[in-house]
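Read the structure below first, then the notes.
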Amino acid sequence: MAMDKTFDAAEAEARLYAAWVEAGAFKAGANASRAETFSVLIPPPNVTGALHMGHAFNNTLQDILTRWHRMRGFDTLWQPGTDHAGIATQMVVERELAKTNRRRTDFSRDEFLELVWEQKKRSRGNIRGQLERLGASCDWDREAFTMAGAPGDPGDTPGGQNFHDAVIRVFVDMYEKGLIYRGKRLVNWDPHFETAISDLEVENAEVDGHMWHFKYPLAGGATYTYVEKDADGNVTLEEERDYISIATTRPETMLGDGAVAVQPSDERYAPIVGQLCEIPVGPKEHRRLIPIITDPYPDPEFGSGAVKITGAHDFNDYEVAKRGGIPMYRLMDTKGAMRDDGAPYAEAAEIALAVARGERELGEAECDTVNLVPDDLRGLDRFEARKRVVEQITGEGLAVMTTADDPRLGGKPGDADQTVPLVEAKKIMQPFGDRSKVVIEPMLTDQWFVDAEKIVGPAIEGVENGSTRILPEQDKKVYFNWLREIEPWCISRQLWWGHQIPVWYGPESYSKELMRKGLSSDDLTVPFCAPTFEQAAELARKHYGVSEVVEYFENGAAFWNSDDEYHSRLTRSDVPDDRSDDFVMLARDPDVLDTWFSSGLWPIGTLGWPEDTEAMQKYFPTSVLITGFDIIFFWVARMMMMQYAVVGQKPFDTVYVHALVRDEKGKKMSKSLGNVLDPLDLVDEFGADAVRFTLTSMAAMGRDLKLSTQRIAGYRNFGTKLWNAFRFAEMNGVFADRRCTGSVQVVYADHTVNKWIIGETARVREEVDTALGAYRFNDAANALYAFVWGKVCDWYLEFSKPLFASGDKAVADETRATMAWVLDQCLVLLHPIMPFITEELWGASAERAKMLIHADWPDYQAADLVDESAESEMRWVIAMIEAVRSVRGEMNVPAALKVDLLQVELDAAGEAAWSRNSALIQRLARIESVTVTDAAPKGAATITVPGGTYALPLADIIDVTAEKARLEKSLQKLSKELGGLRGRLGNPKFIDSAPEDVVEETRTLAAEKEAEEVRLKTALARLAEVA
RNA sequence: GGGUCGUUAGCUCAGUUGGUAGAGCGUCUCGUUUACACCGAGAAUGUCGGGGGUUCGAGUCCCUCACGACCCACCA
């Protein structure tokens, strides 16, 4: 067999992967030879997504662990699959539609979902194909999908899991246990996607904003004396005012104000607490009045100390409003535009005024129908409305004024005599949707929540008591911090793509007339939660005492609590005339569940729960979860909570949290920055093994991971190095008579060189196992790199050359056998990290009983295989060669020139090492001959080795000054080291308190250094004689 | 505002219980020897961010300062 000079990754990878699949090498339990199991769940990528470097990293680590355990004979499962990713996927489809000027709402819900399923089908293969390119050894027969089994599923996911049923079942179960509830709450609303989102999906960012200061006039022109005092109680300002000053960054929300709040202790406003003031915007004839109340929330030191309260559009205000019974008026629609529904402003203002005066009370639903947006602002975008509101107030002279040189204005200082509205330029934190990137609006809507507080306990305890381990440790704190202050989790989304909530609503009470006449959405308030309509209908039948239940499907756009559309669908009675009156109508909640609710069930859902499957019994709880820190809250914490809540068990033994992949400059890779490295491009260029090895070698825990192509090229070279080591072995007949080898049996060797490399192999095997066992992937990679390149290639292969050429057949044969074994071990140990090139070499070098992927992982011990005398001998040989090479290099001895060496002095150990290995040394150091002498001649360069001195006669070429400088430099370095050693040894406290072995080690080292110092000094003295 | 982490060779980073600092890349010099120029041989470079402390001994532990990164957070 003639091997190519390099490994053709592009050609080989696909072929090898196909061979593994063909052989069923990835199947759960493949190659299992013991009862222990090892299971790992892939963090499911978005089904319509593409793999990025983070995925490449994450999956490389999983594959390493999987392959490692599989080779060790564990019953191994790597469970693959994808996530339906509600918003993200719906976004992809909507973007596609936009290309042809169509929108989601041009379709019925069912039609649209059909499009999404098609999209899902088209892109499903992408992720899998990409993972295959990386070499991921997932059990594809079990490939799962978080919406498998949902209505519309074409059933093209190979795994048999019905994820949808599992999700629905969990919802119903949690609902019945009171862990899930519905209610009107202030939630984060994404006006672009027109859905609620959870706290976690909001990203706060600092932006340039403004703070406006407005006057809220007191009702009926009332006045009061406004007094400001300094810290000592001295009056600094006293004036008559007919207004209260309010600061706001969001003037458009003034329209929904329900009150103005001040601190109970704030003396400035004490005279007017309880009075009414006027919102300075809206038609003059219908100016709304709101009460001035006290609440602990306002900070007297900030702004004017008075805060406007808009319960429906601000989270703080919401709390204040709840405490104070202040009405919360919703101002915007689902798109974030000012409401354009309901009665004209005049009517709405009338109602609000009555409420403010305490003449009327509003129920929650009723309050939501009151649209307090003035007619001229209705339908405007919220930011446009803000502009108009500011203009109107300012135009009316109700802005707080200041001089143009006021530094708070932020701009260029203006004329001190000129008066301008006080609009502070200010950095403000603004919430953005993590996917839509639009400004999030707090909105008062009906949503479903998981009462997370009730299920968080076991998730905290599980980590506290070590039942589940989180690595690195510091990430535990992040986990705890979040869980200990857990908030209700909003799980309903006003999307179409997702698991529809299994709740049907019926009317408050049953009446035949109502059924005939039709129902409005407000009438449908009694929930029936069940896995199917039939089961919900059964509940309703009993509840209402009727014999039949009719389900109404919503068709077009659906937004539960917003518009008339839904209402009309429900009232558009399709009930046939001949139907009896003995029925009740139910309508299903149109909302779907947060994607993370279903991915939170990934562990049990993929393993076939609620069935008591073999997979559940064997592989649950799973062994380890490998994931990035960015989804600790989104996913890890929720899986912990959910698994405990549903099956009462932890989902995994260990959570390994890895770093984020960044670009060379440390920037997060993102499409907008254009610094994204596509893993597939890199695989194309360098091969999957190189990419994998790079990621592995940089996987130090808990840091960022900066990726550069240079580094990948370096590890590609490493593969080539290994490849060429095999070429060398091949050429030397190492594999000539090998059939069906690859056994873990360690070869027996007699020769020092072979004994030595066997010991080194045992060492690296231990290092690799220890490192992988501790999730120190980089340690494993680096140990292998140093071993293969630095030991096997740099030394062992070089040593073998003279041995093969020696003519001693026994030694040559033994070396061949040893080399075959050592190289096999390299393949075995490297395989988890570099599966392709190793499998290729495995097949190319001999006929094998099994593919490398199923080869046996060795367990030989360094303690058994390291031969100390062989080791110290080889150490001396290497030191000797290096010393000669170093002097040659520094003295500019031509590389091609074979030199004659003089042995000035040498101890017995050196003598023995020399005599047994002279052939190796002479070859590698390019020494022609060695002559024993008592004293070095003049004009020789000195070479010191442990236990001896050599001289290199260079009469003609030696530069005495240069040699002197070289020796002095070495001496200087040595003296410094010796100084430290002697200092320590001279310190009685060190002798007393340091451990015995440390003291002993120091003594030995000092002795060696002293001996070398003597040699160098001798050499210098001789040089002085010459000069 | 709260929290976490980081600051080590020109660059990117290792450095597990404290024992006296390493790798890869880059740079410089030399080079074709039974695999490999995606190679080989050799060389240079660090007051381990500053200061203080504990210790016989600190890159490693403690305090403090500076700078940087990230996460969380409702100041109108």
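No hydrogens, no waters, no symmetry mates; every other heavy atom, side chains included, goes into these values. Here is how names work: the chains are called A, B, and so on, in the same order as the sequence lines, proteins then strands, and each is numbered from 1.
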Exercise. Do A/F7 and A/F836 have ring centres separated by under 6.0 Å?
Worked result: no
Exercise. Are side-chain N/O atoms of A/T310 and A/K308 paired as donor and acceptor at under 3.5 Å?
Worked result: yes
Exercise. Think A/W789 has a side-chain N or O under 4.0 angstrom from the OP1 or OP2 of B/C38?
Worked result: no
Exercise. Any side-chain N or O of A/R885 under 4.0 Å from OP1/OP2 of B/A43?
Worked result: no
Problem set entry | Whole-angstrom distance between B/G57 and B/G3, as gauged at atom C1' | 34 Å
Problem set entry | Pair A/R966 + A/E890: basic N to acidic O under 4.0 Å | no
Exercise. Among the nucleotides B/U34, B/C5, B/C38, which one has an atom lying closest to any side-chain atom of A/T720?
Worked result: B/C38
Exercise. Is any side-chain N or O of A/K721 closer than 4.0 Å to OP1 or OP2 of B/G40?
Worked result: yes
Problem set entry | Nucleotide nearest A/D794 when distance is taken to its side chain, options B/A41, B/U33, B/C56 | B/A41
For this session: Please give the nucleotide sitting opposite B/G59 as a Watson-Crick or G-U wobble pair, both distances under 3.5 Å, or none.
Result: none
Exercise. Using the C1' atom in both, what is the distance from B/G53 to B/U12, to the nearest Å?
Worked result: 33 Å
For this session: Between A/F726 and A/R711, name the one whose nearest nucleotide on RNA chain B is closer to the 5' end.
Result: A/R711
For this session: In whole angstrom, give the distance that lies between atom CG of A/L471 and atom C1' of B/U16.
Result: 13 Å
Exercise. Is there a donor on the side chain of A/R984 or the base of B/U20 sitting less than 3.5 Å from an acceptor on the other?
Worked result: yes
Exercise. For A/E798, which contact category applies under a 4.0 Å heavy-atom criterion: base, sugar-phosphate, or nothing?
Worked result: base
Problem set entry | Presence of donor-acceptor pair under 3.5 Å, side chain of A/R727 and base of B/C36 | no
Problem set entry | A/N717 side chain, from C-beta outward: closest of B/A35, B/C38, B/G31 | B/C38
Exercise. Rounded to whole angstroms, how far apart are CG on A/D475 and P on B/C72?
Worked result: 13 Å
Seminar exercise, completed: Of A/D779 and A/V478, the one whose closest nucleotide on RNA chain B sits nearer the 5' end is A/D779
Exercise. When rounded to the nearest Å, what value does the distance between P atoms of B/U47 and B/U8 take?
Worked result: 11 Å
Exercise. Can you tell me how far C1' in B/U17 sits from the matching atom in B/U27, rounded to whole Å?
Worked result: 38 Å
Exercise. Using a cut-off of 4.0 Å on non-hydrogen atoms, how would the nucleic acid contact of A/K969 be classed: base, sugar-phosphate, or nothing?
Worked result: sugar-phosphate
Problem set entry | Ring centers of A/Y796, A/F787 separated by less than 6.0 Å | no
Exercise. How is A/F302 classified with respect to the nucleic acid when contacts are heavy atoms under 4.0 Å: base, sugar-phosphate, or nothing?
Worked result: base
Exercise. To the side chain of A/E890, which of B/G31, B/A35, B/A43 is closest?
Worked result: B/A43
Problem set entry | Between B/C75 (P) and A/K426 (NZ): distance, integer Å | 9 Å
Problem set entry | Proximal nucleotide (of B/C38, B/C36, B/U34) relative to the A/R923 side chain | B/U34
Exercise. Taking the same atom, C1', in B/C5 and in B/A9, what whole-Å distance lies between them?
Worked result: 23 Å
Problem set entry | Watson-Crick or G-U wobble partner of B/G46, both distances under 3.5 Å | none
For this session: Please work out if A/P442 contacts a base, only the sugar-phosphate, or nothing of the nucleic acid, heavy-atom cut-off 4.0 Å.
Result: nothing
Seminar exercise, completed: Between CH2 of A/W482 and P of B/C72 the distance, given in whole Å, is 11 Å
Problem set entry | Ring-face cation of A/R716 near A/F686 (centre distance under 6.0 Å, axis angle within 45°) | no
Exercise. Counting side-chain heavy atoms from C-beta on, which of B/G19, B/C74, B/U33 comes nearest to A/A994?
Worked result: B/G19
Exercise. Which nucleotide in the set B/U33, B/U4, B/G31 lies at the smallest distance from any side-chain heavy atom of A/Q474?
Worked result: B/U4
For this session: Using the C1' atom on both, measure B/U55 against B/C63 and round to a whole Å.
Result: 16 Å
For this session: Give one of base, sugar-phosphate or nothing for A/Y297, where a contact means two heavy atoms less than 4.0 Å apart.
Result: base
Exercise. B/U34 P sits how many Å from A/F728 CZ, rounded?
Worked result: 10 Å
For this session: Write down the partner of B/C70 under the Watson-Crick or G-U wobble criteria, each distance required to be under 3.5 Å.
Result: B/G3
Exercise. How is A/N987 classified with respect to the nucleic acid when contacts are heavy atoms under 4.0 Å: base, sugar-phosphate, or nothing?
Worked result: sugar-phosphate
Exercise. Do the side chain of A/R926 and the main chain of A/A895 share a donor and acceptor less than 3.5 angstrom apart?
Worked result: yes
Problem set entry | Base paired to B/G40 (Watson-Crick or G-U; both N/O distances under 3.5 angstrom) | B/C30
Problem set entry | Check: A/Y785 ring centroid to A/Y715 ring centroid under 6.0 Å | yes
For this session: Could you measure between the two P atoms, the one in B/C28 and the one in B/G18, and give it in whole Å?
Result: 42 Å
Seminar exercise, completed: By the Watson-Crick or G-U definition, both distances under 3.5 Å, B/A9 is matched with none
For this session: Please state whether the phosphate of B/C72, meaning OP1 or OP2, lies under 4.0 angstrom from any side-chain nitrogen or oxygen of A/K477.
Result: no
Exercise. Within the structure shown, what part of the strands sits under 4.0 Å from A/E882 by heavy-atom distance: base, sugar-phosphate, or nothing?
Worked result: sugar-phosphate
Problem set entry | Interatomic distance, A/F633 CZ vs B/C72 P [rounded to whole Å] | 6 Å
Exercise. Where the side chain of A/A805 is defined as all heavy atoms beyond and including C-beta, which of B/C56, B/U34, B/C36 is the nearest nucleotide?
Worked result: B/U34
Seminar exercise, completed: The nucleotide from B/A73, B/C56, B/U33 with an atom nearest the side chain of A/N204 is B/A73
For this session: Would you tell me if any nitrogen or oxygen in the side chain of A/K976 comes within less than 4.0 Å of OP1 or OP2 on B/U20?
Result: no
Problem set entry | Distance-only side-chain donor-acceptor flag, A/S697 / A/N778, under 3.5 Å | no
Problem set entry | Same-atom distance (P) from B/C11 to B/U4, integer angstrom | 29 Å
Exercise. Taking N and O atoms by type only, does the side chain of A/K5 place a donor or acceptor under 3.5 Å from a partner on the base of B/C36?
Worked result: no
For this session: Show your reasoning for whether salt bridge (Lys or Arg N to Asp or Glu O under 4.0 Å) applies to A/R250 and A/E441.
Result: CA-CA 11 Å; A/R250 304 196 50 198; A/E441 189 64 43; 2.8 Å; yes
Exercise. Given that both distances must come in under 3.5 Å, which nucleotide forms a Watson-Crick or G-U wobble pair with B/U17?
Worked result: none
Exercise. Can you tell which of B/G31, B/A35, B/A76 lies closest to the side chain of A/N724?
Worked result: B/A35
Problem set entry | Separation of B/G40 P from A/W795 CH2 (nearest whole Å) | 12 Å
Exercise. Are A/S886 and B/A43 close enough that a side-chain N or O sits under 4.0 Å from OP1 or OP2?
Worked result: yes
Exercise. For the side chain of A/N316 and the base of B/C74, is some donor closer than 3.5 Å to an acceptor across the two?
Worked result: yes
Exercise. A/F693 vs A/F718 aromatic rings, parallel, tilted or perpendicular, using cut-offs 30° and 60°?
Worked result: tilted
Problem set entry | Distance in angstrom units between A/E685 CD and B/C38 P, rounded | 14 Å
